[in-house]
Visitor: 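Have a look at this one.
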Protein chains: 2
Amino acid sequence: MSRDTASRPARERLLDAAGELFYESGIAATGVDAVLARARVSPATLYAHFSGKDGLVAADLERRFRQWQEIWDEVLDERTDPVDRLLSVFDAVVRYRAVEGSRRGCAFLAAATELPPGHPGQQWLAADSRLLTERLHDLAEAAGVGDPTGIADGLLALYDGALARLARQAATPGLDTGDPLHRARRMAADWLAGRVGPARPSG
Amino acid sequence: MSRDTASRPARERLLDAAGELFYESGIAATGVDAVLARARVSPATLYAHFSGKDGLVAADLERRFRQWQEIWDEVLDERTDPVDRLLSVFDAVVRYRAVEGSRRGCAFLAAATELPPGHPGQQWLAADSRLLTERLHDLAEAAGVGDPTGIADGLLALYDGALARLARQAATPGLDTGDPLHRARRMAADWLAGRVGPARPSG
DNA sequence: GCTCTAGCATAACGATCGTTATGTTGAAAC
DNA sequence: GTTTCAACATAACGATCGTTATGCTAGAGC
């Protein structure tokens, strides 16, 4: 059995296990032992591939960021209408959650509340925030709206709200009042209808 | 010196210390020792007043919930216009944060991402969610809108978004693009303008 | 065949976790 | 003044934290 390098590389098994456990149980609450057990990997292997738990957390956030950006790119390539491209952020997060199997809130939001100020994972939280604001701004500009920054901020607010409510719904099941993501998308569409291009039907 | 029962009671000192540390550094990341040191209290005293760390966390969330409800009541009593009363949730959270000295996101949102499913503090997260949805629904109904549930959900989305962005801004300083709370309030006002009562100026 | 080396599991490290047992102190009861 | 009792600090508990030292094992070079 031993030396199963033939299976998935140890580094990927570690990232998979860490991703699931950090997301499911929280970063601080997940011990290194739990990650090692799920990945079927020894401590020495972990510290050969990563600088430690902090490095593993940062690598997990990096992978999440890259996959999120990739999926958003993918969805964006399927849209041509400027308003649809603005709203693509909601479709992308729906697809990301489907691919990732997410049953809770946003991993970046959770990490933002958990990681201490100097943590190496913080750079990927900043990267995510920057991607959201800059891309939404560019898409708003391309849509020819009068106030691209205002539009981008508004969409970001609805995006943040949907993911935050998902996190809170996961904590208190039974109070669900529908899907926050679809509701946010609908609100964003209505809100944009009065601000960009010709009047759109706000049904 | 010793036996300083003459000063603030040990229970309150514990709640103050726990509130600050849990909010500042996270619940899981804050050790009981840190709370004890800040409160200048011995372990035996903590376990005489609370069932343990979990009980202390629950008591902190209970106190936060009661104060938040009290402040919202207070703000609500100052408003008579139905739309102002709907928007009072944003004014209340601004006042709550001023009173509490909050420099990060929402403590309930953070707790929702940190606490495990069966934690005794979960009931106060549920209470907060219920207060928000039910009260917003009632206020929307009182405002005579056509779809009170839809209005309440929309305002909740903007509320959630503002507090989530506050949390993420605290994690990555330097990317601030203004105050999410005031922006959310302005968006909500604009959004409500087209849906309730006579047309309001959307400045 | 033997040696060398990289990569791995076993075991254990000190530190800190949340919690509890053991004394000690100060004020009220009589 | 003595007793009594609740509240307190000191010290230590076992468990687990993140991390590292030690030994085994499989393949490359000769």
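Each chain gets a letter, A, B and so on, in the order the sequences are listed, and its residues count up from 1.
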Visitor: Starting at atom OH of B:Y47, determine the distance to atom P of D:dT10, rounded to an integer number of angstrom.
Guide: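 It works out to 17 Å between those atoms.
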Visitor: Quickly work out the A:D54 CG to D:dC17 P distance and round it to whole Å.
Guide: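 My rounded result for the distance is 15 Å.
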Visitor: Does A:S42 have a side-chain nitrogen or oxygen under 4.0 Å from the phosphate oxygens OP1 or OP2 of C:dG7?
Guide: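 So the side chain of A:S42 is outside the cut-off, no N or O lying under 4.0 Å from OP1 or OP2 of C:dG7.
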Visitor: In this structure, how many angstroms lie between the C1' atom of C:dC17 and the CG atom of B:L36, rounded?
Guide: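 In whole Å, C:dC17 C1' and B:L36 CG are 12 Å from each other.
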Visitor: Have a look at B:T30 and say if it touches a base, only the backbone sugar-phosphate, or nothing, with a 4.0 Å heavy-atom cut-off.
Guide: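 Sugar-phosphate contact only - B:T30 comes under 4.0 Å of backbone atoms but never of a base.
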Visitor: In whole Å, what is the span from the CG atom of B:D33 to the P atom of D:dT16?
Guide: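 So the two atoms are 17 Å apart, to the nearest Å.
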Visitor: Any side-chain heavy atom of B:L192 sitting closer than 4.5 Å to one from B:V145?
Guide: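 No, too far: nothing below the 4.5 Å cut-off.
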Visitor: Taking NE2 from B:H49 and P from D:dA7, how many angstroms apart are they, rounded to a whole number?
Guide: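 Distance, rounded to whole Å: 7 Å.
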Visitor: State which of D:dC8, D:dT19, C:dT20 makes the closest approach to the side chain of B:T45.
Guide: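 The nucleotide sitting nearest to the side chain is D:dC8.
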Visitor: If I take atom CZ in residue A:F50 and atom C1' in nucleotide D:dG18, what distance separates them, rounded to the nearest angstrom?
Guide: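 Distance check: A:F50 CZ to D:dG18 C1' gives 16 Å.
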Visitor: Do side-chain atoms of A:Q122 reach the backbone of A:P116 as a donor and acceptor pair under 3.5 angstrom?
Guide: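 At least one qualifying donor-acceptor pair exists.
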Visitor: Without swapping roles, check the side chain of A:K53 against the backbone of A:G31 for a donor-acceptor pair under 3.5 Å.
Guide: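 Side chain of A:K53 to backbone of A:G31, a donor-acceptor pair under 3.5 Å: no, none is there.
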Visitor: Grab the CG-C1' distance between B:L56 and C:dG18 for me, whole Å please.
Guide: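 After rounding, the gap between these two atoms is 12 Å.
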Visitor: Roughly how many Å is it from CG in B:L46 to P in C:dT20, rounded to a whole number?
Guide: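 Rounded to the whole Å, the gap is 11 Å.
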Visitor: Under 30°, 30 to 60°, or over 60°: which ring-plane class applies to A:W124 and A:F65, parallel, tilted or perpendicular?
Guide: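 Tilted.
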